[in-house]
Every structure is written in C-alpha cells, then in structure tokens.
Protein chains: 2
Amino acid sequence: MKKTVFVFSALIVALLLLFKLSEYTYLSGNISIEIAIGTVAIVFFIVGIYINKKSLKKEKIDFIDHQKIEELGISKREYEVLVQISKGFSNKEIADVLFLSESTIKTHVSNLLVKLDSKRRTQAIQKAKDLHILPV
Amino acid sequence: MKKTVFVFSALIVALLLLFKLSEYTYLSGNISIEIAIGTVAIVFFIVGIYINKKSLKKEKIDFIDHQKIEELGISKREYEVLVQISKGFSNKEIADVLFLSESTIKTHVSNLLVKLDSKRRTQAIQKAKDLHILPV
DNA sequence: TTGCCACTCATACTAAAGTACCAAAAACAC
DNA sequence: GTGTTTTTGGTACTTTAGTATGAGTGGCAA
C-alpha cells in the first residue's frame, strides 16, 4: 500500500514536470512537442504494465478467501494441516512439523475432507484451490 | 497475435492524432497543452494495463513446459495419468475414465513418482506444478 | 460453573496407495 | 524384420490414508 502511494506520487510529479517541459517547449518555439507527448506515452505505458503486474501478483498469489474458510467451519489447526497437505507431506511428516501425533493429524484430515466435501486429500487440495482458500 | 497488431496499430493512429491535435493547440494559442499530455498519459496507462493483462493470462494459464516433460522421460500415457491425479481422482477412477485396469494405473503412478522424485502423489502434483508441466 | 467447542490422542478397522517383479502385446525406430 | 520402448496387466506384498468411536484437556462464553 505504501509502495502504491509512492508510485502514484512519483507519477504525478512526473506529469507536472512534463507540464513544465511543455511550457518551455512553447516558449522556445515549440521545437519538439511530439517528443514530449511520445515520452509521456511510453512512460505511462510502461508504468501501466508495471503496476498491473504488481497488483496481479497480489491478487493471484496472496489472495486467500478467509470468509470462505469461516463459512466452511475450518478451524485454525485444520487449516494449518490443509496447508501442509497441499505441500505434499504425509500425515506422519505433518505430525512431526506441527509437533502432534499422527492420530491427531488423521482426525484433522478426516474433518477437512468432510468440510471440503472430498473423498481424498488430493481432491481436497484441488477444491481448496478452486475456492481460493489455498494459494494457487 | 492479430489482436496485438491491431491494438498497436490503433495506438500509433491515436498518437498521430494527438500530434495533429498538438499542432492545432499550438496554432490556436496553446490553450490546453496540459490536457493533451494528460490525455496521452491516461490512455497509454490504461492500454499498458490492458495489454499486460492479456499477455499474463496466456503465460500463466496455458504455459506447459513440454521440454521439461521430455527431459524427465514422462511418456504420453503417464502424463495423462498425472493430469487425472492432479484433479484429485483415485487410481480406480482414473482406470475407469481411461478404460484401463487399476494395475496399469498403479504402474504408471509408480513410474511417475520415480520420474518426479516424489514419495506420494500429492508431492508429485506439487512438483509438477512447480516445474510448469501441469497448469497452475 | 456449566456447557460448548477446539484440540488432542488412542485403538481398531477398512480402503487406498504404492512397491517389486514379472510378462506379453503393441508401437516405433533402425 | 528385429530390437527397443511403451503400454498394458497380473500377483503379492507393505505402507499410507481414511473411518469410526471414544475420551481427556483447556478455553471461553452464558
């Protein structure tokens, strides 16, 4: 957010500078008004691409629908397990990284499968990504 | 590709029109050179965003690294199985949609796990997506 | 403080997944 | 056409995943 504000401020400054440049151009006999306009076009074209790229990354990679997670009644611990599942870990491995027993993981997984209306963990991963409750 | 050419042609025409406008502005006493520049800025900003969006869609959704698939020695049939796995189907279900026996699917999956250096199908899915041999 | 809920864990079971090894038909290259 | 790879499939086995059920703990709200 801070970065966005900064970028837009810079843009406005650039625009003002160009206005000033256009004044000089006018005073000095309007030698290269085309170059000024062309420059503005190129600069804003590139800035447009840059900003879009940034915002798309945020949307597609970071966007998690917390609303949906709540709707499905998925608890904090269950969600942690879901994340580990999507990384391809086994129940035993998940148990180790979360300092729990494998039984506990199995319980969480079983609950997750019900809440995500899935028969297998692979299907749960797919569904979770479709629902944007896991990063794609 | 045709669309891209069309868009860029339109852009050049727009730029030329703006050059013409700037001439008129100059002749008529340079009333609103700022407006002209501002317009160019906004137009090219939006066009930049638009074009970027189009190209990103193609890149992120359609891009499959066939080179990599060959490198890993994954055969056609094996790849078909991999796709089904990533959709969350069981071996039995995959066998049904591909009209094969479950034994055959197991063989393919086992080979896939070796080729993708994975211990489980969930890990294989993750790896395949990382390597861009499966759509994200 | 009582009751609900999330979290934890266990046992016992069934169902999938995955391994190892073998083998035969089909496709493909040389 | 012969050799190689792909594809198919089987048996027998081990491992992992998932279900069902019960139960204890701690937090939190009415």
Side-chain angles (χ1 to χ4, degrees), chain A residues 64-131 133-134, chain B residues 64-131 133-134:
Chain A
I64 300 293
D65 193 344
H66 297 282
Q67 173 79 41
K68 197 82 196 173
I69 296 175
E70 235 182 294
E71 271 177 41
L72 296 172
I74 295 175
S75 71
K76 244 179 294 176
R77 215 46 164 161
E78 283 166 357
Y79 185 73
E80 288 183 74
V81 172
L82 179 58
V83 170
Q84 298 300 320
I85 288 177
S86 76
K87 289 182 182 171
F89 292 120
S90 69
N91 290 337
K92 185 78 195 63
E93 286 170 341
I94 298 173
D96 288 345
V97 299
L98 295 182
F99 302 105
L100 298 173
S101 82
E102 198 184 339
S103 299
T104 307
I105 304 301
K106 282 189 178 185
T107 306
H108 287 319
V109 172
S110 237
N111 291 332
L112 276 169
L113 292 181
V114 172
K115 289 171 183 176
L116 285 168
D117 190 29
S118 301
K119 286 182 197 155
R120 285 164 293 282
R121 48 171 61 207
T122 47
Q123 200 182 339
I125 295 171
Q126 183 63 29
K127 217 154 197 174
K129 293 193 173 184
D130 283 349
L131 295 172
I133 66 179
L134 273 183
Chain B
I64 300 291
D65 193 344
H66 297 283
Q67 172 79 40
K68 197 82 198 172
I69 296 175
E70 236 182 292
E71 271 177 42
L72 295 172
I74 295 175
S75 70
K76 246 179 292 177
R77 216 44 163 164
E78 282 165 358
Y79 185 73
E80 286 183 74
V81 172
L82 179 59
V83 170
Q84 298 300 319
I85 289 177
S86 76
K87 289 182 182 171
F89 291 120
S90 69
N91 291 337
K92 185 78 195 63
E93 287 170 341
I94 298 173
D96 288 344
V97 300
L98 295 183
F99 301 106
L100 298 172
S101 83
E102 198 184 341
S103 298
T104 307
I105 305 300
K106 282 189 177 186
T107 305
H108 288 320
V109 172
S110 238
N111 291 332
L112 276 169
L113 292 180
V114 172
K115 289 171 182 176
L116 285 168
D117 190 29
S118 301
K119 286 182 198 156
R120 284 163 293 281
R121 49 171 61 207
T122 47
Q123 200 183 339
I125 295 171
Q126 184 62 29
K127 216 153 198 175
K129 292 193 173 183
D130 284 348
L131 296 172
I133 66 179
L134 273 183

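Straight-line distance from the CD1 atom of A:Ile74 to the P atom of C:dC7: 12 Å, rounded to whole Å. Look at CD on B:Glu78: it is 12 Å from C1' on D:dT8, rounded to the nearest Å. B:Ile94 has its CD1 atom 16 Å from the C1' atom of D:dG9, to the nearest Å. In this structure, B:Ile105 places its CD1 atom 14 Å from C1' of D:dG10, rounding to the nearest Å. If you measure from atom NZ of A:Lys76 to atom P of D:dG27, you get 13 Å, rounded to the nearest angstrom. The distance from atom CG of A:Leu98 to atom C1' of C:dC9 is 15 Å, rounded to the nearest whole Å. The separation between B:Leu112 atom CG and C:dT19 atom P is 11 Å, rounded to whole Å. Whole-Å rounding puts the B:Glu70 CD to D:dT6 C1' distance at 15 Å.
Residue A:His108 places none of its side-chain N or O atoms closer than 4.0 Å to OP1 or OP2 of C:dC7. The side chain of A:Ser103 contributes no N or O atom lying less than 4.0 Å from OP1 or OP2 of C:dC9. Listed pair A:Thr104 / C:dC7 fails the phosphate criterion, with no side-chain N or O lying under 4.0 Å from OP1 or OP2.
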Please list, for nucleotides 17-21 of chain D, all pairs of protein and nucleotide N/O atoms separated by less than 3.5 Å.
{"from": "D:dA17", "atom 1": "OP2", "to": "A:Asn91", "atom 2": "N", "distance (Å)": "3.0"}
{"from": "D:dG18", "atom 1": "OP1", "to": "A:Arg121", "atom 2": "N", "distance (Å)": "2.8"}
{"from": "D:dG18", "atom 1": "OP2", "to": "A:Arg121", "atom 2": "NE", "distance (Å)": "2.9"}
{"from": "D:dG18", "atom 1": "OP2", "to": "A:Arg121", "atom 2": "NH2", "distance (Å)": "3.3"}
{"from": "D:dG18", "atom 1": "N7", "to": "A:Lys106", "atom 2": "NZ", "distance (Å)": "3.4"}
{"from": "D:dG18", "atom 1": "O6", "to": "A:Lys106", "atom 2": "NZ", "distance (Å)": "2.7"}
{"from": "D:dT19", "atom 1": "OP2", "to": "A:Ser110", "atom 2": "OG", "distance (Å)": "2.4"}

With 3.5 Å as the limit, what N/O pairs link the protein to nucleotides 24-26 of chain D?
none

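The shortest distance between side-chain heavy atoms of B:Val97 and B:Glu93 does not fall below 4.5 Å. With contacts defined as side-chain heavy-atom distances shorter than 4.5 Å, the pair A:Leu131/A:Asp65 does not qualify. Side-chain contact between A:Asn91 and A:Arg121 is present, with at least one heavy-atom pair separated by less than 4.5 Å. Side-chain contact between B:Leu116 and B:Leu82: present, with at least one pair of heavy atoms (C-beta onward) separated by less than 4.5 Å.
Distance CG/B:Leu112 to OG1/B:Thr107: 11.0 Å, rounded to 0.5 Å. A distance of 10.5 Å separates OG in B:Ser75 from CD1 in B:Ile69, rounded to the nearest 0.5 Å.
Checking side-chain atoms of A:Lys115 against main-chain N and O of A:Gly73 turns up a donor-acceptor pair under 3.5 Å.
Closest to the side chain of B:Ser101, out of D:dG10, C:dA10, D:dT7, is D:dG10.
Within 6.0 Å of CD in A:Glu71 there are more than 12 heavy atoms belonging to other residues, nucleotides or ligands.
The two residues B:Ser86 and B:Ile125 have their closest heavy-atom pair at CA-CD1, 3.8 Å.
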